[in-house]
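A note on names: the letters A, B, ... follow the listed sequences, proteins ahead of strands, and every chain is numbered from 1.
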Protein chains: 2
Amino acid sequence: MNDMLLTPGTAEYVAAEIERAIHEHRLPPGSKLGEDELAEVYGISRTIVRAALQGLSHRHLVELKRNRGAFVAQPTVREAREVFEARALLEPRTARSACERMTPEGLALLRAHIEAEHAAVHAGESGRAVYLSGQFHVEIARIADQATIEAFISELVSRSALIIALYWQRRAALCESHAHHALMSAFETGDADMAEDLMKSHLLDLVTSLDLRNRASFPGTLREALGQ
Amino acid sequence: MNDMLLTPGTAEYVAAEIERAIHEHRLPPGSKLGEDELAEVYGISRTIVRAALQGLSHRHLVELKRNRGAFVAQPTVREAREVFEARALLEPRTARSACERMTPEGLALLRAHIEAEHAAVHAGESGRAVYLSGQFHVEIARIADQATIEAFISELVSRSALIIALYWQRRAALCESHAHHALMSAFETGDADMAEDLMKSHLLDLVTSLDLRNRASFPGTLREALGQ
DNA sequence: CGAAACAGGATTGTATACGAAAATGTGTGA
DNA sequence: TCACACATTTTCGTATACAATCCTGTTTCG
């Protein structure tokens with residue numbers, strides 16, 4: 001899709017790489033992100049790595065523990081609720097704006113995006129599928145031409161990928177494609193009311209597909225992996 | 001009010017200091033933030049200063065120009081609109097939540113806050129008045145018990161301070177105190193609908209009190225300070 | 001045998017040194 | 001006198017060195 005045009009060796013590049021790895025579930029929540037290790041992987045010094053990690057921690061994708069290092073974040077149940085609460089405030093009306101300002105190019109972009117989602121699901125690349133289905137929401141914000149809101153949604157979507165990794169309960173393949181298709185037809189017919197409603201219910205579907213009653217259903221810090 | 005309990009010498013401390021200075025209009029938009037200078041002021045190395053500046057740039061309060069240094073951001077008209085658009089999405093419903101979850105302590109806090117605003121205005125400390133009137137909105141998000149949304153609003157409020165510095169047209173003293181008082185009575189009576197409506201119109205009042213037709217009405221880069 | 005103390009190793013936190021880029025100041029030639 | 005080229009200076013970008021902290025494995029003592 002939108003393959004970063006960042007020059008390698010910069011903090012932004014490294015941060016984007018790590019963020020995508022998190023988003024695609026190649027780096028599960030709690031993973032240690034050693035500075036020396038990353039520095040060697042990308043052929044740079046720790047200075048750049050640290051800048052990248054600090055940036056990611058501002059987006060709540062990485063937790064920085066003093067004198068302990070950086071770890072992929074593990075959103076709590078509470079944070080998970082908050083993230084989707086924020087998305088519920090931002091995204092429906094952004095979908096409406098996007099619908100109102102939709103262009104032929106925008107429609108083509110979204111269609112291609114959905115196509116790529118399908119391809120990823122079909123190819124069994126579930127990580128990439130999660131990434132793409134998240135980016136779909138970011139693309140909508142971009143079409144709405146709201147850079148500020150887009151940045152917020154981008155962060156929330158990335159955090160959602162972590163939340164999904166921790167709390168997803170349905171083992172069924174991503175059924176979201178249906179919701180995204182429905183949104184597409186709203187965009188195609190220019191029905192802004194419907195776009196807003198569909199986005200609202202889509203987000204609601206997402207939260208209800210999570211198991212937010214108990215604590216993280218994932219390794220955690222190994223303390224909770226063994227029942228306290 | 002809420003006087004940071006950060007240990008001096010850390011990046012967070014320095015960032016908070018600079019952010020407050022920006023918020024209180026002691027550092028006008030476009031100000032150069034030299035690394036060596038800041039390092040000397042706070043008695044630390046450039047390493048820490050750079051971490052602080054990078055953090056502030058993620059909040060869009062500082063613009064980092066490659067090989068040129070850090071400058072206090074100068075939001076464009078477009079960014080200004082976007083910021084208030086985002087606030088319009090987040091804050092009214094957050095005010096509603098705050099109203100629904102209001103506690104006696106929360107009410108006391110807000111009352112004290114408004115009192116401090118009055119005192120600052122009365123003492124002619126307009127910078128501090130701007131800061132406090134912004135923090136009022138952050139406190140509401142805190143009472144709503146939504147840390148994620150609070151972080152977003154905090155950023156938006158700080159950016160609003162820059163927007164006010166650039167585009168404020170009414171020379172009259174801050175008339176917002178009225179709006180904040182009205183919100184207070186909604187909170188006191190527990191009228192959530194009214195709280196939401198009042199916040200919505202308060203934000204609308206704020207934008208209409210700005211002059212967002214022309215380009216920055218402030219120094220800019222010194223090129224526009226002298227009529228091109 | 002178990003617990004606490006200690007030493008070794010590994011990793012992060014901070015400062016500093018050095019190279020690179022840009023802005024500024026100076027001098028020369030038309 | 002003005003414009004252009006060159007030298008100087010300042011400031012930023014990155015790497016690296018060193019100190020501080022934490023974790024782990026061992027030892028020692030009760």
Look at B:Glu155 together with B:Arg159 and state whether they make a salt bridge at an N to O cut-off of under 4.0 Å.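 Yes, this pair counts.
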
What I want to find out is whether A:Arg128 reaches A:Glu117 closely enough, with some N-O distance under 4.0 Å, to be called a salt bridge.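 No, this pair does not count.
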
Could you state the CG-P distance from A:Asp36 to C:dG13, rounded to the nearest angstrom?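 So the CG-P distance, A:Asp36 to C:dG13, works out to 12 Å.
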
Parallel, tilted or perpendicular: which fits the ring planes of B:His202 and B:His180, with parallel below 30° and perpendicular above 60°?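 The arrangement is perpendicular - the two ring planes meet at more than 60°.
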
Both A:Arg66 and B:Arg50 contact DNA chain D. Taking the nearest nucleotide for each, which residue is further toward the 5' end?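 Its nearest nucleotide being more 5', the pick is B:Arg50.
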
Nearest to side-chain heavy atoms of [X], which nucleotide of [options]:
X: B:Ser45; options: D:dA15, D:dC12, C:dT14; result: C:dT14
X: A:Arg46; options: C:dT11, D:dA17, D:dC12; result: D:dA17
X: A:Thr47; options: D:dA15, C:dA17, C:dG13; result: D:dA15
X: A:Ile48; options: C:dT11, D:dA15, D:dG13; result: D:dA15
X: B:Arg68; options: D:dT11, C:dA22, C:dT14; result: C:dA22

Yes or no on side-chain contact (heavy atoms from CB on, under 4.5 Å) for A:His113 and A:Leu109, after CA distance, side-chain angles and deciding distance? CA-CA 6 Å; A:His113 201 110; A:Leu109 200 97; 6.0 Å; no

When you check the phosphate oxygens OP1 and OP2 of D:dC12, does a side-chain N or O of B:Lys32 lie under 4.0 Å from one of them?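 Answer yes for this pair, as a side-chain N or O of B:Lys32 is under 4.0 Å from OP1 or OP2.
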
